[in-house]
Enquirer: 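Here's a structure for you.
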Amino acid sequence: MLAEQKSLIQRIMDKGVKQPQFDSETDPDFRPHKVTLKQIWKKYGTFYLMLLPAIIFFLVFSYWPMTGIILAFRDFTFTSGMYGEGWVGLEYFTDFFSHRETPMYIRNTLIVSSIKLFLYLPFPILLALMFNEINKPKLRSVYQSISYLPYFISWVVVIGIMNRLFAPDTGLMNILLANLGITDGSTFWAMENSFFYPAIFGSYLWKNIGWDSIIYFAAIMGISASLYEAAVIDGANRLKQTWHITLPGIRSTIVILFILSLGSILTAGFDQVYLMQNPGNYAVSETIDTYIVKTGLEQAKYGPATAVGLVQGVAGLILTLIVNKVADKFDSAVW
């Protein structure tokens, strides 16, 4: 009897037991249960209401303005309505790319963007690594708070402070150089082309390094402590732990943020550049962003400004897709 039961159990395990299938083919009276909208609303209605303000916000301030892209192909006047009248085709695009100063706009934009994207990239990572080496949490919190504060200062204030520091005769830098006998203290640094890019990098670094280090530090905190313990047992010092554990542990975070930043490669940052721009450094400070604002707002040429802005967006999208495809081969893609 026992042998028969074991044999039966073995046959069941080998063949499996098929569950009865109920569908319209096997049972003519079978009707699948359909969830009604009323049932969905009753169960999730509160969450949909909470989500409604965010949906309205993005529809009004993100998606609806995107319909204005049509101005890149239409003739706009103040009497033609919001979307202009008459089609102009690719006229605005050809005018921009045939303009004699367009290469200068693109060159300056790429230089400023590269400074903020490539040259700046290691510094928040290094700051996050430094925070990770501080063993006292309260002391670390103090240093982090100090590094975050500049981020909340307006670019107007930051550029104003920088202009006072480098002002001719009365600026702290000129006074110091004059006392050292290097210059006579009358140099107008803000008008110098050679001063513009270092000033862009220095002010951007001072303002954003602390804030941008937050996500890297959070990624470091997510690395398992057992990895460091195993490394200590193997005799690895702090430098080797950082190189073989910490940096590989946050590699995906670095790649993802880098890919997302590439979308703005043709956006050099309007506020900072525009506030630092003057007739002396025009040749190195006029970017696509400043050109769009001057063309669209100061000259009221909304069609050409929209066309150039569309070029920015499309170029950023294509570059992001290409880099994300490459990163996908290393399992670090965004999607």
Enquirer: How about Met82: does its CE atom have over 12 heavy atoms from other parts shown lying under 6.0 Å from it?
Expert: yes
Enquirer: Verify ring pair (Phe, Tyr, Trp, His ring centres under 6.0 Å) between Phe118 and Phe258, making sure each step is shown before the conclusion.
Expert: CA-CA 9 Å; Phe118 301 106; Phe258 178 76; 5.8 Å; yes
Enquirer: Only counting residues at least two apart or in another chain, list the ones meeting side-chain contact (heavy atoms from CB on, under 4.5 Å) with Asn208.
Expert: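 Here the qualifying residues are Tyr120, Tyr151, Trp155, Tyr204, Asp212.
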Enquirer: Where do Tyr83 and Thr67 land on the side-chain hydrogen bond (donor to acceptor under 3.5 Å, both in side chains) test, with the steps shown first?
Expert: CA-CA 9 Å; Tyr83 295 108; Thr67 60; 2.8 Å; yes
Enquirer: Can you give me the closest heavy-atom contact between Arg140 and Ile134, atom names plus distance?
Expert: NH1-O, 3.2 Å
Enquirer: Tell me whether the rings of Trp211 and Tyr148 are parallel (<30°), tilted (30 to 60°) or perpendicular (>60°).
Expert: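 Geometry flag for Tyr148 against Trp211: perpendicular rings.
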Enquirer: Are the side chain of Thr102 and the backbone of Phe96 linked by a donor-acceptor contact shorter than 3.5 Å?
Expert: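 At least one qualifying donor-acceptor pair exists.
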Enquirer: Between Gln277 and Ser285 (side chain of the first, backbone of the second, donor and acceptor by atom type, cut-off under 3.5 Å), is there such a pair?
Expert: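 The answer is yes, because a donor-acceptor pair under 3.5 Å joins these two groups.
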Enquirer: Which pair of heavy atoms, one from Val284 and one from Asn193, lies closest together, and at what distance?
Expert: CG2-OD1, 3.8 Å
Enquirer: Hydrophobic clusters join Ile, Leu, Val, Met, Phe, Trp and Tyr when side-chain heavy atoms are under 4.5 Å apart, directly or via other members; which others share one with Met191?
Expert: Phe188
Enquirer: For residues Met276 and Ala199, report the shortest heavy-atom separation together with the two atoms involved.
Expert: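 Taking every non-hydrogen atom into account, CE-CB, 3.4 Å.
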Enquirer: Could you check whether the rings of Tyr274 and Phe270 sit parallel, tilted or perpendicular, using 30° and 60° as the cut-offs?
Expert: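 Aromatic pair Tyr274/Phe270 classed parallel.
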Enquirer: Please report the closest heavy-atom contact between Val232 and Gln241, naming both atoms and the distance.
Expert: CG2-NE2, 3.5 Å
Enquirer: side-chain contact (heavy atoms from CB on, under 4.5 Å) with Ser145: which residues, sequence neighbours excluded?
Expert: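 side-chain contact (heavy atoms from CB on, under 4.5 Å) check on Ser145 returns nothing, list empty.
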Enquirer: Could you pull out all residues at least two apart from Arg238 that satisfy salt bridge (Lys or Arg N to Asp or Glu O under 4.0 Å)?
Expert: Glu133
Enquirer: In chain order, what residues pass the side-chain contact (heavy atoms from CB on, under 4.5 Å) check against Ala178, with sequence neighbours excluded?
Expert: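 Partners of Ala178 under the side-chain contact (heavy atoms from CB on, under 4.5 Å) test: none.
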Enquirer: Between CG of Leu51 and CD1 of Ile56, what distance do you get to the nearest 0.5 Å?
Expert: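 Taking CG in Leu51 and CD1 in Ile56, the distance rounds to 10.0 Å.
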Enquirer: Does the Ser213 side chain pair with the main chain of Leu127, one donor and one acceptor, at a distance under 3.5 Å?
Expert: no
Enquirer: Looking only at non-hydrogen atoms, find the nearest pair between Ser203 and Met162 and report the distance.
Expert: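 Nearest pair, atom of Ser203 first, then Met162: CB-SD, 4.1 Å.
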Enquirer: Under the side chain to side chain donor-acceptor pair (under 3.5 Å) rule, what pairs show up with a residue in residues 216-229, not counting sequence neighbours?
Expert: Ser224-Ser226, Tyr228-Thr246
Enquirer: What do you reckon, is CG of Leu37 surrounded by more than 12 foreign heavy atoms closer than 6.0 Å?
Expert: no
